[in-house]
Amino acid sequence: MAQGRGWEGAVLRLMRAKDFTLTVTGAQDVTPRFRRVHLTDGGLLAATGVHPTMWVRLWFDNAGRPHQRAYTLVDPDPAAGTFSLEFALHEGAASDWARAARPGDTVEATVQGTAFDAPAPAPDRVLAIGDPASLPAINSLLAALGPAPATVWFEGSDGEGDGLPFRTDPARHELRHVPRAELVERVRAELPAQLTATAHPYVWITCDTRTTRTLSAYVRKELGVPKERVHALGYWRAD
Ligand SMILES: Cc1cc2nc3c(=O)[nH]c(=O)nc-3n(C[C@H](O)[C@H](O)[C@H](O)COP(=O)(O)OP(=O)(O)OC[C@H]3O[C@@H](n4cnc5c(N)ncnc54)[C@H](O)[C@@H]3O)c2cc1C
């Protein structure tokens, strides 16, 4: 009996260890369409540890229904038990929550599915393709992959990237702003030359699901980049 309770308790503890309540401590509009929210982590970082590009599943309310969306940790500080989240703003319950977020507001978070396998051998160039929703992940990736130079194709029409918190280092990271309608075409035109010059590339694709699927198939099947050198994950679903 006691053993049974112990077993159940252990399972419960394991399950509960993945669920946390985050509390807002402040927020800033970085641009009119990009908002950073600061939070205390409710014990999350101490319980789960932290890795590059780490993300959490947040539970928002959508007209009385649970609405789960993924967001990337920005500046996680396990000692302080804090991190920030950066929201690309558009329509949607997650965006609405972020727009209204004020100190004292809370949101539930589940840690499940996030992982980071550092590419080995270390890349001699990172080729990243993303947009405002994946900017926090790309910033974290480039920091984690240290000295590797990078080319970043960043989706956004003229001026849309202005004021966004890029942490790219102009000395080693080349940032190419590309209008959404031209992204696939531009990557197809420009990425092969970068691959030719790179013995150990690492390709990171985090756009909307359709663009991600198209580009990941192109890079893996047409260009023959081995799958362990390509990370492709759709970050949002376009209508
Ligand atoms: C691993 C992972 C990490 C992520 N990290 C971040 C992050 O750090 N910051 C961040 O902003 N997003 C991030 N995202 C993307 C975010 O989860 C989605 O954009 C999500 O759909 C937003 O939910 P919502 O409730 O605001 O909108 P939804 O209810 O999902 O969608 C409402 C409407 O908005 C459109 N839409 C949704 N997302 C976008 C977008 N990004 N750009 C333009 N239109 C959009 C939809 O097509 C739909 O029309 C991440 C996704 C993944 C998978």
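Computed over heavy atoms, backbone and side chain alike; hydrogens, waters and symmetry mates excluded. Order of listing sets the numbers, starting from 1, for every ligand and every atom in it. One is the number of the first residue; the rest follow in order along the sequence.
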**OP:** Considering heavy atoms of the protein only, find what lies nearest to atom 33 (C) of ligand 1 and give residue, atom and distance to 0.1 Å.
**Re:** Glu91 O, 3.5 Å

**OP:** Would you give the length of the straight line joining atom CG of Asn139 to atom OG1 of Thr168, rounded to the nearest 0.5 angstrom?
**Re:** 7.0 Å

Subject >> Within-cut-off N or O pair, Trp55 and ligand 1, under 3.5 Å >> reply: no

Subject >> Location of contacts on Pro136 toward ligand 1, heavy atoms closer than 4.0 Å >> reply: side chain

**OP:** Return the residue, atom name and 0.1 Å-rounded distance of the protein heavy atom closest to atom 18 (C) of ligand 1.
**Re:** Tyr235 O, 3.5 Å

**OP:** Please report which non-hydrogen protein atom sits nearest to atom 8 (O) of ligand 1, along with the residue it belongs to and the distance in Å to one decimal place.
**Re:** Thr72 N, 3.1 Å

Subject >> Ser84 and Asp75 side chains, donor-acceptor separation under 3.5 Å >> reply: no

**OP:** Check each of Phe87, Phe60, Tyr71 against atom 10 (C) of ligand 1 and report the one with the nearest heavy atom.
**Re:** Tyr71

Original post:
Can you list the atoms of ligand 1 that are under 4.0 Å from a heavy atom of Arg237?
Top reply: 46 (C), 47 (O)

Subject >> Exam field: side chain Tyr202 to backbone Ala122, donor-acceptor pair closer than 3.5 Å >> reply: no

Subject >> atom 45 (C) of ligand 1 [closest protein heavy-atom partner, distance rounded to 0.1 Å] >> reply: Trp236 CE3, 3.4 Å

Original post:
Going by the order shown, which atoms of ligand 1 are within less than 4.0 Å of some heavy atom of Ala238?
Top reply: 47 (O)

Original post:
Tell me, which protein residue and heavy-atom name are nearest atom 49 (O) of ligand 1, and how many Å apart are they?
Top reply: Asp239 OD2, 2.4 Å

**OP:** Ignoring hydrogens and angles, tell me if any N or O in the side chain of Asp124 forms a donor-acceptor pair with the backbone of His200 under 3.5 Å.
**Re:** yes

Subject >> Verdict with reasoning, Asp96 to Arg99, per salt bridge (charged side-chain N to carboxylate O under 4.0 Å, His left out) >> reply: CA-CA 5 Å; Asp96 288 346; Arg99 272 189 196 95; 2.9 Å; yes

Subject >> ligand 1 contacted by Ala98 (non-hydrogen, < 4.0 Å) >> reply: no

Original post:
Under 4.0 Å from any heavy atom of Ala88, which atoms of ligand 1 are there?
Top reply: 10 (C), 11 (O)

Original post:
When only distance counts, is Gly234 in polar contact with ligand 1, meaning an N/O pair under 3.5 Å?
Top reply: no

Subject >> Pick from Glu86, His90, His67: the one approaching atom 39 (C) of ligand 1 most closely through a non-hydrogen atom >> reply: His90

Subject >> Test of proximity, Ala70 against ligand 1: N or O pairs below 3.5 Å >> reply: yes

**OP:** Please work out which of the three classes, parallel, tilted or perpendicular, describes the rings of Tyr71 and Phe60, given edges at 30° and 60°.
**Re:** perpendicular

Subject >> Of the listed options Gly113, Ala133, Ala94, closest to atom 24 (P) of ligand 1 (non-hydrogen atoms) >> reply: Ala94

Subject >> Option among Arg176, Arg125, Glu190, His173 that satisfies the side-chain hydrogen bond (donor to acceptor under 3.5 Å, both in side chains) test with Thr151 >> reply: Arg125

Original post:
Hey, are Asp105 and Trp97 close enough side-chain-wise for a donor-acceptor pair under 3.5 Å?
Top reply: no

Original post:
Nearest to atom 21 (O) of ligand 1 by heavy atom, Arg69, Arg35, Glu155: which?
Top reply: Arg69

**OP:** Hey, could you give me the CD1/CG distance between Ile129 and Leu191, rounded to the nearest 0.5 Å?
**Re:** 6.0 Å

Subject >> Donor-acceptor pair between His51 and Thr114 side chains, under 3.5 angstrom >> reply: yes

**OP:** Would you please indicate yes or no on a ring centroid separation below 6.0 angstrom for His177 and Phe166?
**Re:** yes

